Amino acid sequence: MEYDFRAIEAKWQRTWKDTDAYKVTEDTSRPKFYVLDMFPYPSGAGLHVGHPLGYIASDVFARYKRHQGYNVLHPMGYDSFGLPAEQYAIQTGQHPAITTEQNINRYREQLEQLGFCYDWSREVRTSDPSYYKWTQWIFGELFESWYDTQAQKARPIADLAAAFADNGNYNVHAACDEGWWQGLSFPHFGEHFDGTFTDTDWASMSETEQQEVLMCFRIAYLADSEVNWCPALGTVLANDEVKDGLSERGGHPVVKKTMRQWMMRITAYADRLLTSLDDLDWTDSVKEAQRHWIGRSEGASVRFAVATADGQPDPSGAEVEVFTTRPDTLHGVSFMVLAPEHDLVAGLTTDAQRAEVEAYVEAAGMKSERDRQGDKSISGVFTGGHVVHPVTGALVPVWIADYVLAGYGTGAIMAVPAGDERDWRFASHFSLPIPAIFDGVDTTEAACTDKNATLCHSGEWDGMRAGDAIPRALDWVEAQGCGTRKVNYRIRDAVFSRQRYWGEPFPIMYEGGIAKRITDATVTLPKVDAYLPTEDGEPPLARAAREDWPVFRGDAMETNTMPGWAGSSWYFLRYMDPTNENAFCDRSKSDYWGQVDLYVGGAEHTTGHLLYSRFWTKFLCDRGHIGFDEPFKFMINQGMILGRSNFVYRIQGTNTFVTANKRKEQPTQRLHVDINLVENDKLNLDGFRAWRPEFANAEFILDDDGTYTCGHEVEKMSKSKYNVQTPDDLVERYGADTLRCYEMFLGPLTQHKPWDTQGISGVHNFLRKIQRLYTQAAEADLPSSSSEDALRVVHKAIAKVSDDLDRHAFNTVVSALMIAVNDLASLQGGLGSDALQPLAILLSPYAPHLAEELWATAGGSGSVLDASWPQADDAFLVEDQITYPISFNGKVRFQLALAASLSASEVEAAVRKDDRTDAQLAGKDIRKIIVVPGRIVNVVM
RNA sequence: GCGGGUGUGGUGAAAUUGGUAGACACGCCAGACUUAGGAUCUGGUGCUUCGGCGUGGGGGUUCGAGUCCCUCCACCCGCACCA
């Protein structure tokens, strides 16, 4: 009987739909399991075979867990705000919602034909108002919270206002920017204000002033931040869109512009984001990326007094603060370097140096961040100013250079050329002194960064190992009052505003210049006449008049939108309670479903996503909205499926194409050819001529057997390389079950691997073969008990498949099933329902449609979906005889079948007795015999 | 430069704790059935000078190493002047 996959798959997909087979609800009587895929951005191109790889793996696992009795949550949705739909809208005027809807429909169709066990009733779309209503709500909560650094958690902003009213900010430990009060100009905050205020001060402030103070402490806050502004294009550009101060597209001038932006105080969570990584079951590479992004380093903040012209500490108390991880090298400081943007540059610069310094600062300002980072050449300018060395009292010249970044640490460094490679290069380039501070190490040719070096010329630290001197130096610096211990982070607060249309509007209105949260309605996107920013640089939403806004409050609405990561930072929670209109997710539901037990997605571009969703999860936990503070307990990153491109070779200047085997005979041009015109690297000549008009009269130089062999190469799948394989074609030809099994069979999930359509036939044959087994058994009236040999095969498979799935080895499961089927086929009968029913269950995570069919054939009742996962019976796994490989000095020479019950010494005796042993010894003595019971025997001669 | 990873037949790969390297497939070769099917079945298929040699190269530990240690090389990914 034919394997009619089309009929089978259509039938079961209909049945599942009709019976709501994949609908899940909370059920406290059963353990839960949450399997999540990284939801896709629905692009216009649809899915290619690479996309479903992770979805198939998670689907297999979800089904496996269901068989094991878990209540499995396995949802799917769309990250549907994004740039491509907006760009399309700018070009065509079509509303991005329409484009998005079309793309989603296409995705849904493609996903559904693959037979995934998603509970579609839980689908979410980040661009849907019923979803982004709650993204806005979370933003509102962030806006109405501050971070208590003592309690190490977020708290309501009302608590902070109450504390201020009660006792000023004396005992308040709130995360905020250093010098948060700078930029605020209230009567109470005079020139010498140090950031501390009293309850009386607070009470004397106006409403507006109080709000301005509170804004400095909110977790979601407004602040001035520098962006790349391109007036000609009327838009803000990302750093990588700017080259040499000009826009990459069009070559228009770009200027740095300070804009008021929404920010997220993720820095408050830096330490928790770092430490809780240890408990996550993620790959080291992903965790390392998180650690690097957070970039924690321990050291000291050291203050150098600014020197007056006569070399005395400036009486105004002006100081340059630097961050260093190597306070032990303090005696090696021979100069100081400030970032060109540093506040004190102007003040330190002497008149003689002013022109040169200003030119350098201006040039640095013109360069984009990216160019500055890409340029490794050494440049810098002496300011003419000096600071006083806190230990030696010596004058230290101050330079500016763009290798010092304004955005990291304090934007200033103490340069120790003997102990730092960059400082060393700078010193030798400008012929600055390189004081020797390491005993017996010549630092005239290179810096010494080894912490095992011994210090010298370093006062009381002489003779100490540098690494050991660090804590001493920290104590010393603190005792002297010229510095403090400090932990520095690389991570910056995240800019949360985008000047885009197709994103979440902020639930924020302005009243008297004060930003206020809108709580009485969902702010939906207004109608606009174009999706571009306005000419004076306002975001697209600023095009909307008051009446264009479905919800308008206050004097003005916030016109920025949220960045792409807003909606994806919490979507895993919405799946738990997708239609709740009163909460983002009911606490009882998030308590039940809890953390994601298995998160599957690509490792590319996930560092930010993971960081932000971890941040929001911790915040929601702090505020009591959920009961856990890490979203994804365990994560697998699937590898990319690469395309296999085919090439034809055109002889230069002709319309003649030469087969790959003969192309070396003349100069040729290599052209991508559509893989659909190639079978087994042989070109379909007629198809090629019909492919494009210019090839209609193509001539060919063929192989001697009359065929045209194409060249091939493994590359990323892309339309322009004509190597895209869609799942649709393959489902049509082989069925979803075959495609599912094949994608898993291809190789380890986490590895990148090339797609090879040829191999799919092997998996397809396997499914046909297994169906034949069942039909034959059914024709033999399906006995209830099978032969012992058959049961051995099945129980071996049960053990292997269960074990492999438990360690997420998805590829070897298919092999194990193939082996079982091959073995059963060669038994020629003896198959009954006690073998065939468990086998159908083993198959069902991979080939759910066929498994349903086989389950029914094998006399199973109901759907296979809820059949309990079979247990391997040890009685069928133990062998009574073991064929030992007998090796001599590690080389296997013959096999010896022995009873499995024999002890090691009995095995040894049997080996000694065997005639073949004597032959191998050839007169030599046996020094030792190693017996590994059940495994191997090694005779040492 | 730093961090992470990978390296095994013609190809995708397997080998879970150190115990017969190459399972399972693709491809290829030969044959059968048939005559044109994207069909099915059977057998073979790491290399070999038939002694052996083989998991990127070299060294080590071990009775025994793809697996552990040292070292070097190649490739891929991420970060990249982070003080």
Side-chain angles (χ1 to χ4, degrees), chain A residues 2 283-289 291-293 295-297 299 322-326 329 337 372-378 401-405 407-416 419-423 425-426 488-491 603-607 637 639-640 644 679-681 712 714 733-734 742 745-748 750-766 768 800 803-804 806-807 809 811-822 883-895 927-941:
Chain A
E2 237 342 76
T283 62
D284 287 342
S285 108
V286 172
K287 284 202 211 180
E288 270 312 309
R291 288 191 189 105
H292 182 259
W293 194 304
R296 181 183 200 272
S297 51
V322 300
F323 175 72
T324 177
T325 55
R326 294 292 303 274
T329 63
V337 186
R372 264 175 76 167
Q373 290 179 3
D375 183 11
K376 295 267 171 37
S377 63
I378 299 165
D402 62 8
Y403 82 89
V404 175
L405 306 174
Y408 183 76
T410 61
I413 61 153
M414 58 178 221
V416 182
D420 182 279
E421 279 165 26
R422 291 151 305 166
D423 298 347
R425 283 198 303 270
F426 194 83
N488 197 48
Y489 293 93
R490 200 179 79 100
I491 195 171
E604 310 83 32
H605 317 117
T606 53
T607 310
N637 303 111
M640 202 188 305
R644 191 173 182 281
E679 173 97 26
N680 207 356
D681 285 341
H712 60 85
V714 171
R733 266 171 68 179
Y734 299 99
Y742 185 55
F745 181 67
L746 217 46
T750 53
Q751 234 160 69
H752 294 234
K753 49 211 168 261
W755 179 259
D756 171 21
T757 299
Q758 280 187 68
I760 202 169
S761 62
V763 171
H764 191 64
N765 285 342
F766 151 68
R768 288 174 23 181
K800 171 78 175 155
D803 193 34
D804 284 359
D806 286 337
R807 51 191 188 94
N811 52 330
T812 49
V813 170
V814 183
S815 305
L817 291 171
M818 284 174 171
I819 292 168
V821 168
N822 289 347
T883 305
Y884 279 96
I886 312 300
S887 57
F888 291 79
N889 284 348
K891 294 188 169 48
V892 176
R893 293 306 180 192
F894 61 87
Q895 309 281 323
R927 294 228 311 260
K928 190 158 56 158
I929 294 187
I930 311 271
V931 177
V932 185
R935 287 278 190 186
I936 197 172
V937 175
N938 190 19
V939 179
V940 186
M941 302 188 283

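None of these values were measured; they are calculated from a predicted model. Only this structure's heavy atoms are used, side chains among them; waters, hydrogens and symmetry mates stay out.
When both pairing distances are held under 3.5 Å, B:U11 makes a Watson-Crick or G-U pair with B:A25. Applying the Watson-Crick and G-U wobble criteria (two distances, each under 3.5 Å), B:A65 pairs with nothing in any strand. Using N1 to N3 plus N6-O4 or O6-N4 for Watson-Crick, or N1-O2 and O6-N3 for G-U wobble, each under 3.5 Å, B:G18 pairs with nothing. Of the nucleotides present, B:G78 is the one that pairs with B:C2 by Watson-Crick or G-U wobble criteria, both distances under 3.5 Å. As the counterpart of B:U40, B:A32 is assigned, both hydrogen-bonding distances of the Watson-Crick or G-U wobble pattern falling under 3.5 Å.
In this structure, A:Val892 and A:Pro885 approach most closely via the heavy-atom pair CG1-CB, 4.0 Å. A:Gln751 approaches A:Lys753 most closely through the heavy-atom pair O-NZ, 2.9 Å. Contact detail for A:Lys800 and A:Ala816: the closest heavy-atom pair is CG-CB, 3.4 Å. A:Asn889 and A:Asn938 make their closest contact through N-OD1, 3.5 Å (heavy atoms, listed as atom of the first residue, atom of the second, distance). Residues A:Thr324 and A:Met414 approach most closely at OG1-CE, 3.7 Å, considering heavy atoms.
Spacing between atom NZ of A:Lys891 and atom P of B:C63 amounts to 15 Å, rounded to whole angstrom units. B:C63 atom P lies 18 Å from atom CZ of A:Phe888, rounded to whole Å. Atom OH of A:Tyr489 and atom P of B:A83 are 14 Å apart (whole Å). Distance A:Ile886 CD1 to B:G64 C1': 14 Å, rounded to the nearest Å. If you measure from atom OH of A:Tyr734 to atom P of B:G38, you get 11 Å, rounded to the nearest angstrom. Rounded to an integer number of Å, the gap from A:Ile760 CD1 to B:C26 C1' is 12 Å. One interatomic measurement links the two molecules: CD of A:Glu604 to C1' of B:G4, which rounds to 14 Å at whole-angstrom precision. When the P atom of B:G38 is taken as reference, atom CZ of A:Arg733 falls 11 Å away, rounded to whole Å.
Under the 4.5 Å side-chain criterion, counting only non-hydrogen atoms from C-beta, A:Met818 is in contact with A:Val763. Side chains of A:Phe888 and A:Phe894 form a contact here, defined as non-hydrogen atoms less than 4.5 Å apart. Within the 4.5 Å cutoff, the side chain of A:Trp755 has heavy atoms near those of the A:Leu746 side chain.
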Short heteroatom pairs, N/O only, protein and nucleotides 28-35 of chain B, under 3.5 Å:
| residue | atom | partner | partner atom | Å |
| --- | --- | --- | --- | --- |
| B:C28 | OP1 | A:Asn680 | ND2 | 3.4 |

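Nucleotide B:G54 carries an anti base; the chi torsion (O4'-C1'-N9-C4 or O4'-C1'-N1-C2) is more than 90° from 0. In this structure B:G18 sits in the anti conformation; its chi angle is more than 90° from 0.
With both ends at atom P, the span from B:A14 to B:A25 equals 15 Å, rounded to whole Å. Between B:U71 and B:G78, the distance separating the two P atoms is 27 Å to the nearest Å. Distance noted for atom P between B:G10 and B:G56: 14 Å (whole Å). If you take atom C1' in B:G3 and the same atom in B:U49, they sit 48 Å apart, rounded to whole Å. When the C1' atom is used for both B:G64 and B:G19, the distance is 7 Å, rounded to whole Å. Comparing the P positions of B:C69 and B:A65 gives an interatomic distance of 16 Å, to the nearest angstrom. Comparing the P positions of B:U55 and B:A36 gives a spacing of 50 Å, expressed to the nearest Å. Nucleotides B:A83 and B:C76 are separated by 28 Å at their P atoms, to the nearest Å.
Looking at A:Asp423 and A:Tyr403, their side chains do bring a donor and an acceptor atom within 3.5 Å of each other.
Picking from B:G4, B:A80, B:C81 the nucleotide with the shortest atom distance to the side chain of A:Arg422 gives B:C81. Side chain of A:Val940, nearest nucleotide from B:C63, B:G4, B:A83: B:C63. Set against B:A83, B:G5, B:C26, the side chain of A:Asn765 has B:C26 as its closest nucleotide.
Using a 4.0 Å heavy-atom criterion, one finds that A:Arg644 contacts no nucleic acid atom at all.
Taken to the nearest 0.5 Å, the OG1 atom of A:Thr607 stands 6.0 Å off from the CH2 atom of A:Trp293. Summarising the geometry, atom OH belonging to A:Tyr489 is positioned 11.0 Å from atom OH belonging to A:Tyr408; distances are rounded to the nearest 0.5 Å.
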Tell me, for nucleotides 11-24 of chain B in 5' to 3' order, what letter each nucleotide earns: B for a base near a protein heavy atom under 4.0 Å, S for only sugar-phosphate near one, - for neither?
-BSSSB--BB--BB

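With hydrogens and angles ignored, the 3.5 Å screen pairs a side-chain donor or acceptor of A:Tyr884 with a backbone N or O of A:Gly934.
Along RNA chain B, the nucleotide nearest to A:Gly409 and the one nearest to A:Glu288 differ in position, and the one closer to the 5' end is contacted by A:Glu288.
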